[in-house]
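Protein chains get the first letters and strands the later ones, always in sequence-line order, with residue 1 at the start of each.
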Amino acid sequence: MPERIFVAVAWPYTNGPRHLGHVAGFGVPSDVFARYHRLKGNDVLMVSGTDEHGTPNLIQADAEGLTPKEAVDKYNRIISEDLRALGLSYDCFTRTTTRNHTTVVQDVFKTLFDKGYLIKKTALGAFQESTGRTLPDRYIEGTCPICGFPSARGDQCDNCGNQLDPEQLINPRSRIDGTRPIFKESEHFYLDLPAFAEPLTRWISRQSHWRPNVRNFSLNYIANLKPRAITRDIDWGVPIPLPGWEDRPDKRMYVWFDAVIGYFSAAVEWAKMIDRPEAWRDFWQDPACRHFYFMGKDNIVFHTTIWPAILLGYGNGGKIAGGRGEPLQLPYNVVSSEFLTMEGRKFSTSRGVAVYVNDFLSRYDADALRFYLMLAGPETQDTDFTWADFVRRNNDELVATWGNLAHRTLVNAFRRFGEVPRPGPLTAEDTILVETVDHGFTSVGEHLEAARFRAALQEALHLAALVNQYLTTNEPWKLIATDRERAGTVLYVALRCVDDLKLMFTPFVPFSSQKLHEYLGHDGVIAAAPERRTVREEDASTHEVLTGDYRRLAGTWAPPKLEPGQKLREPQPLFKKLDPSIVLEELRRMEEHGGK
RNA sequence: UGCGGGGUGGAGCAGCGGUAGCUCGUUGGGCUCAUAACCCAAAGGUCAAAGGUUCGAAUCCUUUCCCCGCAACCA
């Protein structure tokens, strides 16, 4: 029976193009997961979008001499094009500046307010005089009152390590424009997190399938919950839907609050987009629908405590859910990644230690990157991206093991038979190989189910190696002269296995799997590509989303039928071998951009 | 500084009380349908450091060092 699977992917921030570290952590893993579930025949909804409000976006806009809207438009376009080119199959990759998102966020806010989960409090905040905007602690610097370090930040001194409050700094100044910040009292709404401590504790305690560290960490965090501000003094964000607040240009929702609600609003948008405006309920109000969240490790508690608290508070209330159906679903699991470093250093945009996705894809294939990230990426611990390792894994593992298997099998079969050969009687060895590879749907599938992507890919590669071994031992290219039927049988068995493996590799390397599908003489799509589409909203505004039709696939997560006599198409190598000289080239390129 | 995670051959990982194992890479040999797979052999680790428990420790305990995240109005 098909299951419903909701795949929620972290929202990239629009203050610049995204680099490999960003897509390594959540982009590619979530897509592999979604593609696997679709092949299994499950009903998948995968959503995300760009996170476009907040101070860093404003600062970026100022730096480029753009209005905030112009700047986020620009980066939304770049980022969504990157994700499309990577083949990330979102059902709805949208943005936080849409009409729909505003409506949903305001509904959640209003509902929490009506239910008494919001607290009004006054706190001392720092402001930039020129703009009247809040100045986050880390954007203030000054002389450390403890050690005298002249460039201590408002939250802590990098020299002596002491934590600070920004008003303690001597000669505080804004890191944005150098002016002296003003400290004044300001009134804000806080989410009453302690009110949810008990239900959250009960809920998390039951999540025995979470990784122990995620669970323990979250329980530990809940023990010290404090109310958390959800509004700010800023003019770029979702307006606060309360009398006396909604018309104030200087008060907006805090960006983290509006962004996290995107998981819900994007599903609502998707439902409208497919002209079934209630369809989001299938995913958000069906207790059997499992929600998987993909993010970097720095975001875990957000998704295990703060976001669930908002969902618990909202329940099935508000205008959107409208008192109908079940309360909104809580996360089933959070799949967090560790961090990727770049040639031994942290990614740093300002220091030029970064490889941007669009830049990377202008020279290398998406599948090569996807393969590398899933095999050597930061799944369970921080890992280092090096160009040398990228080249090696591409050439020695992707090209040599899987690409070569597919190619040698196809080339031999195509040249000698032109079609899938009709097999004679299968030997015990033939049968065992086919059964072993068929079993991959179980073994690889179990790993994917549990989000153990590296293990899943290794298992598929291992099976490919077995088929390589089989071919070498049975030598159909020699048999062809003496025993054409046996040669055909061996090639049939190998093609059968390649057809199996094609499906197992599809979630990882969709572009080449689709090509292979066609070389094998099949029709239809097994790896649907996302596309950008324009959405028009009620207020006539438009924006672009990344979406696609992924529901009618010409393949399922099970041994396919490969009919003898099916015409093969002329094969081409699936992957490109990389010249080792690119390692130096890329390192030089990085240095030119300031990386040292 | 607190809390949590991690430090095992060149890389990625497994082992979690009985004197280190897997995959890839490296070196030498064989074979060759193929974007060279496959086969055979070999090199390479004082398991971050020190102390302790034990007949015996990557494996348990203590301390230290290093990396990372959270605490910190960063999203």
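- Considering only side-chain N and O atoms, A:Arg228 lies under 4.0 angstrom from the phosphate OP1 or OP2 of B:C73.
- Within the 4.0 angstrom heavy-atom criterion, only backbone atoms of the sugar-phosphate kind lie near A:Ala465; the bases stay farther away.
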Below 3.5 Å is the cut-off: list the nitrogen or oxygen pairs between protein and nucleotides 6-16 of chain B, distance only.
residue: B:G12; atom: O2'; partner: A:Arg454; partner atom: NH1; Å: 2.5
residue: B:C13; atom: OP1; partner: A:Arg454; partner atom: NH2; Å: 3.1
residue: B:C13; atom: OP2; partner: A:Gln381; partner atom: OE1; Å: 2.8
residue: B:C13; atom: OP2; partner: A:Gln381; partner atom: NE2; Å: 3.4

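- Using cut-offs of 30° and 60° for the angle between ring planes, the A:Trp307 and A:Tyr263 rings count as tilted.
- Anti is the classification of B:A50, since its glycosidic angle lies more than 90° from 0.
- Scanning both residues, A:Ala309 and A:Leu193, for their nearest heavy atoms gives CB-CD2, 3.7 Å.
- With rounding to the nearest 0.5 angstrom, the CG atom of A:Leu457 is 9.0 Å from the CG atom of A:Leu448.
- Residue contacts for A:Ala259: at a heavy-atom cut-off of 4.0 Å it reaches no nucleic acid atom on any strand shown.
- Looking at heavy-atom distances under 4.0 Å, A:Leu574 makes contact with a base.
- Not a single donor-acceptor contact under 3.5 angstrom links the side-chain atoms of A:Asp51 to the base of B:A75.
- Ring geometry for A:His19 against A:Tyr356 counts as tilted: the plane angle lies between 30° and 60°, on a 0 to 90° scale.
- Residue-level contact check: A:Val301 touches neither bases nor backbone, having no heavy atom under 4.0 Å from any strand.
- If you find the closest nucleotide of RNA chain B to A:Arg415 and to A:Trp256, the one lying nearer the 5' end belongs to A:Arg415.
- Applying the 4.0 Å criterion to OP1 and OP2 of B:A75, one finds that A:Tyr254 has a side-chain N or O inside that range.
- For A:Phe347 and A:Phe339, the ring centers are positioned 6.0 Å apart or more.
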